[in-house]
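Structure, as structure tokens:
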2 protein chains.
Amino acid sequence: MKATIYDVAREAGVSIAAVSQVINGKGKISEERRQEILQVMERLNYRPSVIAAALTGKKTYTIGLLVPDISNPFFSEIARAVEDQGDHRGYSIIMCSTDNKMERAERYLSLMLQKSVDGLIIGTGMENKEALIKLMKSIPVVMVAREAETNLAMQTVIVDDFVGGSLAARHFLELKHSRVAVLAEKATVSSSRERIRGFRETLVQAGHALAESRIKACEDDLLKEGKEKALELLQQPDRPSAIFCCNDLLAIGTLRAAKELGLRVPHDVSIIGFDNTILATVTDPTLTTVAQPTELMGKMAVDSLIQKLEGQPPAEERVVLRPELIIRQSTAVKE
Amino acid sequence: MKATIYDVAREAGVSIAAVSQVINGKGKISEERRQEILQVMERLNYRPSVIAAALTGKKTYTIGLLVPDISNPFFSEIARAVEDQGDHRGYSIIMCSTDNKMERAERYLSLMLQKSVDGLIIGTGMENKEALIKLMKSIPVVMVAREAETNLAMQTVIVDDFVGGSLAARHFLELKHSRVAVLAEKATVSSSRERIRGFRETLVQAGHALAESRIKACEDDLLKEGKEKALELLQQPDRPSAIFCCNDLLAIGTLRAAKELGLRVPHDVSIIGFDNTILATVTDPTLTTVAQPTELMGKMAVDSLIQKLEGQPPAEERVVLRPELIIRQSTAVKE
DNA sequence: TTGAAAGCGATACCAA
DNA sequence: TTGGTATCGCTTTCAA
């Protein structure tokens, strides 16, 4: 069996209180006793139980991370950054893929609460405002890469999606594309909405319109549905000469649709993605995409959460990072 | 504050024991009382604390998952499968990226033990045999996608890496390539070793050799180092006409190296990857690769672990799945 | 069928 | 400085 604090105390001939003190480095203890106890701990290969400590009010040093899908490269990159910074600060990460399903998200949230995680990093939509508000009363939360759907004050680390969409539109305009379309995630995904808004507004300012029929949204399997919807867009009368995709996965679906229709990218149709995941660098052609500072976002989210956990003065509430357009081969001047 | 079992008991006018019984559905309780208590629990929005329950000997319903890197698509796909099946069976997943560093792995392991996870799924190398043996005495472990480096009996869900390497070699041979090279992960990674062994053996049986100088290994950043080492291989005198890469990331590095040298794939050099991640489907050209049944592996690892946790008769100890060669565009008959 | 009480492993307060 | 002890929230005998 694993050694407990009692075993250590007995072996060392002291009280458990003494042992607890050396574990936590608090209280007064003679250096002599401390060393003795330390040795016994070593000998017994003793490791204090986080569970037991948590029961007395200490933290579990565990953070819950909610994302739509850990196997989506964007989120696995976020997850890696979160894990690294968490580890660095002494916290472990429990991962939860919600598939953008509110039901899954809520089940996971309730579970995280039961498991007494110290805090939550949420990178998935939270449509249920009330649930979020209630949640925040019981546990510190920071949003990452997604906006909270409430007007509640809450820590958020995000990229400026509006600007991101605008960047994409401007690039298309510079390349003389005005007959454009958008492939997005479903409307409940806040980041997609903002990206579209930025995209459209920039278009409108330049005197162009973006009809609703030129926007298609995908529910679930981004790759598969993305291709299907892209196929629809590319077969519309007066085919768009450029498509803005709200993430790299969708852009790949579009790439495939174009190929299937015998359209050349960027010659016949230009494509812009979003996220700048590893995928964007390996496709054929490589993807012009709007980059998010993934690593930084993960790191800042963790720091922001831990700051809250440790009761330090909250830092900036909203951190809005700048997206950046990475121009590769999937975009070109309109023929 | 969160409601506790005491709150429920008081509100319902019963003892905490009674409440505990309805939580766990054990013991004898009149249906009437049960309903009353259930209602109070509902009203107080009571959720039993996993922490407290765990302290009394129950499980934490948490599994630790160790992989080299959660942002490597192969492992994020495994992770997703593990998470889904875990969730399905009522378990949460704590993720740990080890970067194939024994030091990180051991730190994480000790941490998982302190956090009282119920079991471990290990998908990263465990070079330290003794540590592994000791580990297995204190907690159920199943290996996934990696062989344990001990002769200890342990649950393992793996693909036949030897056959995988052999599949690659056979494909090259059929395409008349005999001047071949290998790009691998470092020698401590068991899967790479086996793949190379299978590759070489098949080559040898066909009367060809594979010189040590034709094998390069990467330590860390697979993409970056992969490209560097591939560059070296492709600049050797008597340049290899085909390269077998031990995973898709390395294959992409090789693709880049080839491009940098102005070599066309597959015209000038054929490339085979391993894993069949999403990456293999989007590259230019798309990658011929050896596929692993990722989803199945994740699922089986979880089932196997939970079976152990729940003290059921252990199923098969070693599950060896068959890899499959997926032929795409990165391989062709030698000129 | 119900409840009192003894742990589980650690923390922290209070005496000594 | 040290140690005794109540406590955290829950499970589990064991009597009643």
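When side chains are defined from C-beta on, A:Leu132 does not count as touching A:Glu149, because their heavy atoms never get closer than 4.5 Å. A:Ile94 places a side-chain heavy atom less than 4.5 Å from the side chain of B:Ile94. Considering only heavy atoms from C-beta on, A:Gln155 stays 4.5 Å or farther from A:Ile121 through its side chain.
Each end of the helix from C:dT1-D:dA16 to C:dA16-D:dT1 gets its own axis from five base pairs, and the two axes differ in direction by 50°, given to 10 degrees.
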| said: Run the side-chain hydrogen bond (donor to acceptor under 3.5 Å, both in side chains) test on A:Thr124 and A:Thr98 for me, step by step, so that the C-alpha distance in whole Å, both residues' side-chain angles and the decisive distance to 0.1 Å come before the verdict. | reply: CA-CA 7 Å; A:Thr124 188; A:Thr98 65; 2.8 Å; yes
| Does the side-chain hydrogen bond (donor to acceptor under 3.5 Å, both in side chains) test come out yes or no for A:Lys115 and A:Thr62, once each step is laid out? | CA-CA 9 Å; A:Lys115 295 206 172 171; A:Thr62 305; over 6 Å; no
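The line from CD of A:Gln85 to CD of A:Glu295 is 10.0 Å long, rounded to the nearest 0.5 Å. Expressed to the nearest 0.5 Å, how far CG of A:Asp7 lies from OG1 of A:Thr4 amounts to 3.5 Å.
Counting to the nearest Å, the C1' atom of D:dT11 and the OH atom of B:Tyr61 are 13 Å from each other. Taking atom CG of residue B:Asp7 and atom C1' of nucleotide D:dC10, one finds them 13 Å apart after rounding to whole Å.
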| What string of B, S and - do you get for nucleotides 6-16 of chain C 5' to 3' if you count protein non-hydrogen atoms under 4.0 Å? | -BBBBBB----
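For DNA chain C, none of the residues of residues 30-45 of chain A falls under the heavy-atom distance limit of 4.0 Å.
Listed by chain and residue number, B:Arg43 satisfy the salt bridge (Lys or Arg N to Asp or Glu O under 4.0 Å) test with B:Glu11 (two or more places apart in sequence, or in another chain). Shown here are the ring-ring contact (aromatic ring centres under 6.0 Å, His included) partners of B:Tyr46, two or more places apart in sequence or in another chain: there are none.
Residue pairs satisfying the salt bridge (Lys or Arg N to Asp or Glu O under 4.0 Å) criterion with at least one member in residues 26-38 of chain A, sequence neighbours excluded, are listed as follows: A:Glu31-A:Arg34.
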